[in-house]
Structures are given as C-alpha cells and as structure tokens.
Amino acid sequence: MSTISPTAGQLLKERAERVLMPNYGSRDLALVRGEGCWAWDADGNKYLDFLAGIAVNNLGHCHPAVVDAIQKQAAKLIHTSNGVLIEQQIELAELLCEGTGMDRALFANSGAEVTEAAIKLARMWSVEKFGPSRYKIIVFKGSFHGRTYGAMSATWSPKVRKGFEPFVPGFVFAEFNDLEDVKAKWDQDVCAVMLETVQGEGGVRPATPEFLHGLRQLCTERQAVFVCDEVQCGMGRSGKRMAYQLAGVQPDLVPLAKALAGGFPLSALLAKGEFAEVFTKGRHGTTFGGGPLACAAGVASTRVLFDDAFLTEVGRKGCKLWGLLADIAKEFPDLCNHVRGVGLMQGLVLKRDAMNFPIVARRHGIIVNATAETVIRILPPLIVSDEELEEGARRIRAAMAEFAAS
Ligand SMILES: Cc1ncc(COP(=O)(O)O)c(C=O)c1O
C-alpha cells in the first residue's frame, strides 16, 4: 500500500489549525521567501505577488535599502522609549512632513492605531474649543479604518462590526462621493470628516477631486477637522506621495501605515497647523511607536518612495496596468464590469462574486485578492517592471478563463 506524504505547506496548515485562532479562516498558502515582485511557497512554487502584503510591500520583498537599514540598526539599537530623543524618528518625521505639506508626526505601530489617534485628536480639539457636545465625525459607507473600537465604529462593513455592539457613539455615515448627503447629515455637533482618499477594503473606490475639494471647503467653513486616511493608498501607491495630492487638496490629519517602513510595522499620524499642537504632554502615547528600528526602516523606505522620478514611473506603470486590465475586462464581457483605481492600486469589478478568484489565480502563479464581494484587487509592488506587469496580466487572463468556465 502506498501513502502520499503531506507537503511542507500541508504540514504547516495542520499545525496552524491546531494552535492559531481561526479569525483569518483556513489558509493554504505558506510563503517562505520573497524577492522583488516574486515570492516562493514552502514547497518551492514561485508566484508573482500582485498583492504586496495588502499594499505593504510597496518596494517589493526584501528591498536592499530596507534590509540594509534594518540589519545595521538592529546591531546598534533596537528599542529605547519615547522618553528619549530618537534620531531615526526625527529624520522620518522631517521626510514625511516635507513630502506631504504636513507639520508634525506622531508614530505608532498599525493603521488602526493612527486612525484611532486621529479620532481622539479631532474630538479633543473640538471639545476643548467648542464644548462637550461637539464630537460627531462624518464617515462613509464602504469605509474601513481598522479593528480597534474607535476605528471599527468608524468602519462601515457589517462583517467587521457584527457582534461588537455597542459601538463608540458619534459616527455618522454618509454616501461616499456625495457632497449633498454630507451636508444633509451635518449638524452643529460635527467636529470632523474622515474618509479614505481611495477606499481600499470597500472595493478600490477613489474619492473624486470635486468631492475632496468640497469636503475641504466644508471643513474650513464649518471649523471641522478634515482627515484623509492614507493607510492603504498613501506612500506612493497612487503615483503621488499621498493620494490627496492627485486632487491638490491639503487635509488636516493624515493617518499612514502599511508601506511606511517597507514591511516593518510602523504607522504615523501627520497633522497640520493648530491640529499639530493638540496632543500636548501626556495626552497620547504608545510604548513601541516610532522606535529606532522601525524608523530606520521607515527612513530607508520613504527616501525611495518619495523620490520624484520614482513616483513619475509609478504613475506611468499605473496607466499601463489599467490598460492591461481593461483589455481583460473587454475579453470577458459576461464576467467583467470595469476597472477603477489610481496608480498601482486597481480593482477589476466583476458582475458576479469574486471571492474565489484569488484561489484560481494562485493556480496560475499570481497572488491577488478580492474585496467588497465583486472586486479583484490588484496591488503590485511599485518597483514592478513593464515585463512583470505584462506577465501578471497574462496570468490574470488565464485565471479569468478558468474562472469564467467555473
Ligand atoms: C484605509 C485603512 N485604514 C486603516 C486600516 C487598518 O490598518 P491596520 O490593519 O494596520 O490596523 C486599513 C487596513 O487595511 C486600511 O486599509
């Protein structure tokens, strides 16, 4: 009797299912190595990674500048505390402020923490200036701002919220890209408006320039804080340093995370003008946020991502990706609706449920994901070459042919 021994991936899956909480569902893919746009699984299979750790690996896997910065800093100083001056933290704040038009930075570790910090800062500013009832924040249908209580309460998705009631009060949901609805929902207790400049989890939906300008104007006129969550669409992904720069607006607060430190956990809240002065001594903080190791990775990564010539290339490659995906959409008219997005953040919107597409795509050697039920989300590393974009499109097309037949 012959027995087939389990693969390295299957063995990891069995171990995971015994000891890890099942919140990420059943996972079949074990990635063990990455280089540039490519990743290898535990059984030696090679994939084109067009998900980039969900918009984290903007510089691809193991970018030499990031690896070098981490190795050098790890041998010198890993952690101190925020009670001392940290040179790498200061340098990163300088780079971020200079590149984005903001004035000051506060560092944390994840996206949820800095959207949470934005909520706290906006409320503190408003309650101190106008009184305790002025604490409401207008947020949007389709939004995702993270999983901590405040960030989750600002998040639209019923899947994310289910079972966690009661929520933090004061979040008012308006229609995305609908300024009239924002005006209709606005009352005297509103202190802020918070949106993703491009909704990511909500299905790769960019805010229109008119909407962003309209919100900026309303917030200025009505003395409210304008928050652009750039956790997913920031750090060069749109072809600009920040996606709001495509529209030429200037927010008051900008939460950043994901790609900030080339894969190392780090987030930042950037603030402008009087909002940069709200968190005075003792009013907010975190143990790990902005440590020397994370910020060394952040400096290395931000220097590359904020380079003008690099960003011009991202914009050009974004147009190319859009064109390649639009061709696929045309080839499968019964399956595909349209392509939307900015830069190298694109969504292929299907006419049917897309949630199984990533599994099919993997059989064709490409990693993507699906979100908002019908949208295939494509987020290649920003260092992707033209040949890799073309190869990616070939693989997506082959996967689409199999998916269409299923
Ligand atoms: C726009 C946006 N904000 C906030 C978050 C939360 O970030 P994190 O998962 O690092 O807490 C995400 C994560 O996907 C996001 O896309």
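Checked by atom type, the side-chain pair Q89/N82 shows a donor-acceptor distance below 3.5 Å. No donor-acceptor contact under 3.5 angstrom links the side chains of S267 and E113, judged on distance only. Side-chain contact, Q88 with Q73: a donor N or O sits under 3.5 Å from an acceptor N or O. Donor-acceptor pairing under 3.5 Å is recorded for the side chains of K13 and S26.
Between E391 and R395 there is a salt bridge, since at least one side-chain N of the basic residue sits less than 4.0 Å from a carboxylate O of the acidic one. A salt bridge does not link R394 to E390: none of the charged nitrogens lies less than 4.0 Å from a carboxylate oxygen. Salt bridge status for K141 with D178: absent, with no side-chain N to carboxylate O gap under 4.0 Å. Salt-bridge annotation for R303 and E94: absent, with no side-chain N of the basic residue lying under 4.0 Å from a carboxylate O of the acidic one. Contact check on E373 versus K159 returns a salt bridge, with a Lys/Arg side-chain nitrogen under 4.0 Å from an Asp/Glu carboxylate oxygen. Salt-bridge formation is not detected for the pair E175/K185: no Lys NZ or Arg NE/NH1/NH2 atom is positioned less than 4.0 Å from an Asp or Glu carboxylate oxygen. Under a 4.0 Å N-O distance rule, the pair E201/R377 qualifies as a salt bridge. Remark: D308 engages R241 in a salt bridge, criterion side-chain N to carboxylate O under 4.0 Å.
Within a 6.0 Å radius of CG in L85, no more than 12 heavy atoms belonging to other residues, nucleotides or ligands are found. By the 6.0 Å contact criterion, CD on E402 is enclosed, its count of non-hydrogen atoms from other residues, nucleotides or ligands being greater than 12. Counting heavy atoms of neighbouring residues, nucleotides and ligands inside a 6.0 Å radius, atom CD of Q188 does not exceed 12 of them.
Proximity of S238 to M345: side-chain heavy atoms (C-beta onward) are nowhere separated by under 4.5 Å. T374 has its side chain out of reach of R352: every pair of non-hydrogen atoms, C-beta onward, lies at least 4.5 Å apart. You'll find the side chain of F275 stays beyond 4.5 Å of the side chain of D103, heavy atoms only. Residues F403 and N356 are in side-chain contact: their nearest non-hydrogen atoms beyond the backbone lie under 4.5 Å apart. Counting heavy atoms from C-beta outward, P380 and R237 have side chains that approach closer than 4.5 Å. Contact of the F140 side chain with the V182 side chain is registered, since non-hydrogen atoms from C-beta on lie closer than 4.5 Å. Under the 4.5 Å side-chain criterion, counting only non-hydrogen atoms from C-beta, V66 is in contact with I70. The side-chain heavy atoms of R104 and E277, taken from C-beta on, include a pair separated by under 4.5 Å.
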- side chain to side chain donor-acceptor pair (under 3.5 Å) between R316 and T312, intermediate numbers included: CA-CA 6 Å; R316 183 189 65 74; T312 305; over 6 Å; no
- Step by step, would you call F357 with M400 a side-chain contact (heavy atoms from CB on, under 4.5 Å)? CA-CA 8 Å; F357 182 83; M400 198 62 83; 3.9 Å; yes
- Task: Run the numbers on I366 and Y47 for side-chain contact (heavy atoms from CB on, under 4.5 Å), then give the verdict.
- Result: CA-CA 5 Å; I366 184 162; Y47 302 87; over 6 Å; no
- Query: Do E221 and Q217 pass the side chain to side chain donor-acceptor pair (under 3.5 Å) test, and can you show the C-alpha distance, the side-chain angles, and the key distance before you say yes or no?
  - Reply: CA-CA 6 Å; E221 285 168 5; Q217 196 181 341; 3.0 Å; yes
- Message: Between E274 and K129, is the salt bridge (charged side-chain N to carboxylate O under 4.0 Å, His left out) condition met? List the steps.
- Response: CA-CA 12 Å; E274 65 178 301; K129 196 163 171 153; 3.3 Å; yes
- Evaluate the side chain to side chain donor-acceptor pair (under 3.5 Å) criterion for residues W38 and E388: first the C-alpha distance (whole Å), next the side-chain angles of each, then the deciding distance (0.1 Å), finally the verdict. CA-CA 10 Å; W38 299 87; E388 285 164 334; 2.9 Å; yes
- Message: salt bridge (charged side-chain N to carboxylate O under 4.0 Å, His left out), that's the test. Do K317 and D386 meet it? Break it down for me.
- Response: CA-CA 7 Å; K317 290 184 290 192; D386 283 17; over 6 Å; no
- Task: Evaluate the criterion side-chain contact (heavy atoms from CB on, under 4.5 Å) for residue pair Q250 and M102; output intermediate values, then yes/no.
- Result: CA-CA 8 Å; Q250 188 68 52; M102 305 301 283; 3.1 Å; yes
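To the nearest 0.5 Å, atom CG of residue L348 and atom CZ of residue F332 are 10.0 Å apart. Interatomic distance, K272 NZ to C97 SG, rounded to the nearest 0.5 Å: 9.0 Å. Atom CD in E116 sits 11.5 Å away from atom NE2 in H145 (nearest 0.5 Å). One finds the CG atom of L260 at 5.5 Å from the CG atom of L92 (value rounded to the nearest 0.5 Å). Put simply, CD1 on I138 and CH2 on W186 are 5.5 Å apart, with the number rounded to the nearest 0.5 Å. Considering CD of E35 and NE2 of H61, their distance stands at 10.5 Å, rounded to 0.5 Å.
Less than 6.0 angstrom separates the ring centroid of W156 from the ring centroid of F173.
Between the side chain of W322 and the backbone N or O of Q346, no donor-acceptor pair lies under 3.5 Å. Remark: side-chain polar atoms of R216 are not paired, donor with acceptor, to backbone N or O of V249 under 3.5 angstrom. Using modelled atom types, no side-chain atom of T197 and backbone atom of C233 make a donor-acceptor pair closer than 3.5 Å. No side-chain donor-acceptor contact under 3.5 Å links E128 to the backbone of W125. With hydrogens and angles disregarded, a donor-acceptor distance shorter than 3.5 Å links the side chain of S126 to the backbone of R134. With S81 contributing its side chain and G83 its backbone, the two residues share a donor-acceptor pair below 3.5 Å. A donor-acceptor pair under 3.5 Å is absent between the side-chain atoms of Q232 and the main chain of Q199, judged by distance alone.
Summarising the geometry of L195 relative to F226, their closest heavy-atom pair is CD2-CE1, 3.7 Å, with the distance given to 0.1 Å. Scanning both residues, A329 and V339, for their nearest heavy atoms gives CB-CG2, 4.4 Å. Contact detail for V114 and L269: the closest heavy-atom pair is CG1-N, 3.7 Å. Between G262 and S301, the shortest heavy-atom contact is N-OG, 3.4 Å. The minimum heavy-atom distance between A300 and A69, with the atom names listed, is CB-CB, 3.7 Å.
Between R362 and the choices V368, D28, N45, D41, the side chain to side chain contact (heavy atoms under 4.5 Å, CB included) rule is met once, by D28. Shown are V139, V172, L215, D252; of these, the side chain to side chain contact (heavy atoms under 4.5 Å, CB included) with V193 is made only by L215. Here the options are V231, L270, D229, T100, the test is side chain to side chain contact (heavy atoms under 4.5 Å, CB included), and the partner is V254; only L270 passes.
A cation-pi arrangement, defined by a distance under 6.0 Å to the six-membered ring centre and an angle within 45 degrees of its axis, is absent between R222 and F130.
Classification of the H284-F279 ring pair by plane angle, with boundaries at 30° and 60°, yields parallel.
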